[in-house]
Protein chains: 2
Amino acid sequence: MINTDELMSIRAAELYYEENKTQDEIGSILRLTRWKVGRLLAQAKASGFIRIEIVHPRARRLPVERRLRESTGLTDAIVVSSVGVANDEELQSRTAQAAADYLTGLRPIPRTLGISWGRTLHDVSLHLKHGWAPGVDVVQINGGVSLNKRAGTAATTAVTIAHKAFGAATLLPSPAILERLETKQAIESDRAVAAVLEQAAGASAYLYSAGQADAHSALVDSGYLSPDEVAELVRRGAVGDIVGRYIDKNGDIVDSELDERTLGIQLEQLRRATLAIAVISGGAKHAVARAIVGSGLCTVLVTDEDTARALLGDDV
Amino acid sequence: MINTDELMSIRAAELYYEENKTQDEIGSILRLTRWKVGRLLAQAKASGFIRIEIVHPRARRLPVERRLRESTGLTDAIVVSSVGVANDEELQSRTAQAAADYLTGLRPIPRTLGISWGRTLHDVSLHLKHGWAPGVDVVQINGGVSLNKRAGTAATTAVTIAHKAFGAATLLPSPAILERLETKQAIESDRAVAAVLEQAAGASAYLYSAGQADAHSALVDSGYLSPDEVAELVRRGAVGDIVGRYIDKNGDIVDSELDERTLGIQLEQLRRATLAIAVISGGAKHAVARAIVGSGLCTVLVTDEDTARALLGDDV
DNA sequence: GGGCATATTGCTCATATGAGCAGGAGGGGC
DNA sequence: GCCCCTCCTGCTCATATGAGCAATATGCCC
């Protein structure tokens, strides 16, 4: 049975929010003092009967962001609303847009930005406005040029971001994963490659995304790994990959032999970074997001509401 | 491309509605004057970016009610919110509850209330509180006692409503539809039946629901009609039934021969009534609701938001 | 570039609202 | 039945907000 006050608070809420009446007017309609009306409305809000949503592709969820900052070690969290989103694509676009906004608003402006590559990062590059920053150099932090089927995507991403900021792009001229350890070591010690890696190590900020651990991963798409190899990694606890390296739910490398053959900055370099921005969205990436945030691989997370709630352990 | 003001209005809305900041505080955060913030918020509201919903089973939709009253000849409209409703059953329960509330609040209190029977009315009777009125006599306005499979539902409904109002119930001792015209005329002229019909004709208010025109109708359930007969009625334009009589989309009797054999008050008596309350909910009853409201068969409509919007021609 | 029409801004002032407090009603415990 | 404690009510007062208006900026035609 619903009590009288609750019912009255609903009647009051209808008149207040839907009919735009003042609390005083509502008072005379419901034969209550205006103070009682005010209290009923406060009660209705507190009980969660009044739901206020901001319906807009650019809307963020500040309370969720705050909770994320408070309950994790993140220095910042950007959470886009998933109200009214039909598909994952729309959600990813919103998240990429938010990441672009965050980059644009970033102070101090980073001199050098280290980036990974992939669908998400490419999306971010497209959402950045021309002139988003007055000069930022971009450097790739993991390999991936040659084998990429969607030719040049990795390079295009870096170049676009740099170009739009009137800066220079430095590409890492190497595959993401080498077949043999010796080859990797050889490439790594090559002067051109070593110079890029050095620049990457000294970047003032990092921006990267994560891949889910399954056959849809960009590393599979690009031909570096077979679906079977990924399935084996999953069996061994992989939840996803960042900068080409597969991690488990604790943020640890799953297969050190594979990792040795992966060219790019180390996870430890990300962990030590003052500013490492992870951009992650979509239901399939909840697990990898948890691993990244939980093990301190990023200092800033840009994500969607559902992922954020999954991290927070919300039931809804 | 989204313009700057729109984006600012979203940022302002986040701070105002989610972070409970004052417009002044928002002003200093966004580097705007507090008046600009106020205008941005007003703009966000006007553009529909701020959605305020009252989430409660007893919540009504006053703006929809007003539009219904204005665009139809109804003297009153009660529209329950369908936010957060999972199934039709929940919706019907909410609507029945609203009808019970409406009856309880009705002034002047009717001396005699003429009612039909059916699932909906039964539901209303259960939602009424004991002592909902200080004495109201209830009279059935259409037949339906004997054949009803759910034995005595029709009678129980009338008795419950009357009992809870400390009044007397008068049952109409007749089937809803007779097989032969002569039988119907004979019963109708029987003293006991005629007296009830006379009382029904003089009721100060009517309360009835409507059935959809398909095999799930209560008249089929009760055995008065076969699914085939209903199908034939549909073919001839029937959209539903009220007080046992099938009507088309104009509110006209579909089959006058069948109607002649139907015992109860005439549609014209409902149309002439000062107070005729129709209680209708569920997606399957949009058509019959339209017919009833459109042809003036009720003066008050109690319904759900979706049905109301269908009547108003809203797209959503 | 000048002048006009229109939109936008920053203000004053009236009003609506929430915080905090004093008095009073209700409801056990003895 | 009496008292005390708690919760609730209705108030005063400070603050937040929206309406309306003058001043200013913007765009547009010639």
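So you know, we letter chains A, B, ... as the sequences are listed, proteins then strands, and number each from 1. Predicted model only: the values in this text are computed from it and were never measured.
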Participant: Run the salt-bridge test on A/Glu18 and B/Arg60 with the 4.0 Å N-O cut-off and return the result as yes or no.
Facilitator: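 So A/Glu18 does not pair with B/Arg60 through a salt bridge.
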
Participant: Could you tell me whether A/Glu14 and A/Arg11 make a salt bridge, using a distance below 4.0 angstrom between a side-chain N and a carboxylate O?
Facilitator: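 Judged by the 4.0 Å cut-off on N to carboxylate O distance, A/Glu14 and A/Arg11 do form a salt bridge.
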
Participant: Checking B/Tyr208 against B/Leu297 for the side chain to side chain contact (heavy atoms under 4.5 Å, CB included) test, could you report, in this order, the C-alpha distance in whole Å, the side-chain angles of both residues, the deciding distance, and whether it holds?
Facilitator: CA-CA 10 Å; B/Tyr208 67 93; B/Leu297 280 162; 3.7 Å; yes

Participant: Just report the end-to-end axis angle for the helix from C/dG1-D/dC30 to C/dC30-D/dG1, five pairs per end, to 10 degrees.
Facilitator: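 So the angle between the two local helix axes works out to 30°.
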
Participant: With heavy atoms of chain B within less than 4.0 Å as the criterion, where does contact along DNA chain C begin and end?
Facilitator: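 Footprint of chain B along DNA chain C, 5' to 3': C/dT9 to C/dT12.
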
Participant: According to salt bridge (charged side-chain N to carboxylate O under 4.0 Å, His left out), does anything in residues 81-106 of chain B pair up with another residue at least two apart or in another chain? List the pairs.
Facilitator: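 For residues 81-106 of chain B, and leaving out neighbouring residues, the salt bridge (charged side-chain N to carboxylate O under 4.0 Å, His left out) pairs sorted by first residue read B/Arg58-B/Asp101, B/Glu90-B/Arg94.
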
Participant: Output all residues satisfying ring-ring contact (aromatic ring centres under 6.0 Å, His included) with A/Tyr17, sequence neighbours left out; order by chain, then residue number.
Facilitator: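 ring-ring contact (aromatic ring centres under 6.0 Å, His included) list for A/Tyr17, sorted by chain: empty.
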
Participant: Pairing donors with acceptors under 3.5 angstrom, does anything connect the side chains of A/Thr120 and A/Asp123?
Facilitator: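 Note: A/Thr120 and A/Asp123 side chains miss the donor-acceptor criterion.
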
Participant: Do the charged groups of A/Asp76 and A/Arg69 touch, with an N to O distance under 4.0 Å?
Facilitator: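 Answer for the salt bridge query: yes.
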
Participant: Output side-chain donor-acceptor pairs under 3.5 Å for residues 32-46 of chain B, partner residues at least two apart or in another chain, one line each.
Facilitator:
unit_1: B/Thr33; atom_1: OG1; unit_2: B/Lys36; atom_2: N; d: 3.2
unit_1: B/Lys36; atom_1: NZ; unit_2: B/Asp5; atom_2: OD2; d: 3.3

Participant: Hey, can you pull the residues of residues 22-42 of chain A with a non-hydrogen atom under 4.0 angstrom from DNA chain D?
Facilitator: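 Only A/Thr33, A/Trp35, A/Lys36, A/Arg39 qualify.
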
Participant: Do the non-hydrogen side-chain atoms of A/Ile50 and B/Glu53 ever get within less than 4.5 Å of each other?
Facilitator: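 No, side chains not in contact.
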
Participant: Are any of the side-chain nitrogens in A/Glu65 or A/Arg61 under 4.0 Å away from the carboxylate oxygens of its partner?
Facilitator: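 Looking at A/Arg61 together with A/Glu65, the answer is no, because their closest N to O distance does not fall below 4.0 Å.
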
